[in-house]
Amino acid sequence: MPELPEVETTRRGIERSARGRHIMEFRIYEHRLRWPIDRSVAQHLSGQQIVAVERRAKYLLLRLSGGTLILHLGMSGNLRLLPQDAPLIKHDHFDLYLDSGTTLRFNDPRRFGSLHYTTADPSEHKLLRSLAPEPFEKAFDADYLNRITRRRSAAVKQVLMNGQLVTGVGNIYASEALFRARINPRRAARKLTRAECTRLVRAVRAALQAAIKAGGTTLRDYVGTDGNPGYFRQKLYVYERDGKPCRVCATLIRKIAQGQRSTYYCPHCQH
Ligand SMILES: [Zn+2]
């Protein structure tokens with residue numbers, strides 16, 4: 001699943017090439033995504049300029065001269081910048097033809113992605129208005145983490161991945177952040193000390209930032225905007241490294257199941 005770093009990487013790639021461009025045509029091949037694309041959107045998009053490309057959690061916001069496109073990559077989606085005559089392949093669902101001779105093409109095998117258009121303030125859109133703070137926002141600080149963990153006996157990893165409390169921390173970066181903060185993923189959230197909350201906030205940001213910096217991703221079916229798969233796996237500390245030596249202490253990394261997801265940690269470094 002594209003996690004926040006992949007979405008941010010996509011945002012940067014698109015912003016570089018598409019900002020300032022005008023949309024010539026919007027073509028839908030399959031409108032049945034997670035929510036059906038409103039076909040009437042097409043008539044509103046032609047001629048609009050892409051003013052900015054922003055991100056809110058895992059949503060990409062294409063700010064246009066007269067409205068905003070809100071795009072989610074879902075479980076398996078990618079948005080690529082291609083020449084307009086690039087042949088369509090399976091699971092290509094729409095094209096945004098630009099006046100640069102390129103197109104922004106959305107491909108999503110599992111069709112959990114979505115596309116909405118609004119002329120109102122996008123932060124008031126039903127998909128965005130109740131999103132929890134994301135790690136790069138000021139609101140996500142040690143005070144906040146301390147507050148949301150006080151009465152929760154769930155494991156700290158589960159709390160980090162609870163989208164109603166923090167948005168944009170998926171399975172990979174929850175494991176990586178807990179390693180960086182030296183916190184055992186099974187610890188009850190309410191047992192975190194204030195100092196550990198501070199460490200964890202920094203660690204979450206650092207883990208995501210490192211992934212963004214590497215341009216990428218750990219994901220098999222993710223393709224960056226330039227069409228190249230971005231691989232970041234070799235830089236990970238614990239994720240999918242079970243049975244391999246910890247990069248810090250050489251103890252073997254363990255894998256456990258938490259809430260149907262795999263968690264990886266170092267039993268020596270993380271307490
Ligand atoms: Zn270790």
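Indexing begins at 1, ligand by ligand and atom by atom, following the structure's order.
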Visitor: How many angstroms lie between OH in Y97 and CG in L104, if you round to the nearest 0.5 Å?
Guide: 11.5 Å

Visitor: Hey, which of L127, L69, L61, L62 is the one that makes side chain to side chain contact (heavy atoms under 4.5 Å, CB included) with P122?
Guide: L61

Visitor: State the OG1-CG distance between T103 and L98, to the nearest 0.5 angstrom.
Guide: 6.5 Å

Visitor: Quick one: does any side-chain atom of R56 pair with a main-chain N or O of S123 as donor and acceptor, under 3.5 Å?
Guide: no

Visitor: So, at under 2.8 Å, which protein N, O or S atoms would a careful student list around the Zn ion (ligand 1)?
Guide: C246 SG, C249 SG, C266 SG, C269 SG

Visitor: Would the distance check show the side chain of N171 and the main-chain N or O of S262 forming a donor-acceptor pair, the cut-off being under 3.5 Å?
Guide: yes

Visitor: Quick one: does H93's side chain have a donor or acceptor within less than 3.5 Å of a partner on D108's backbone?
Guide: yes

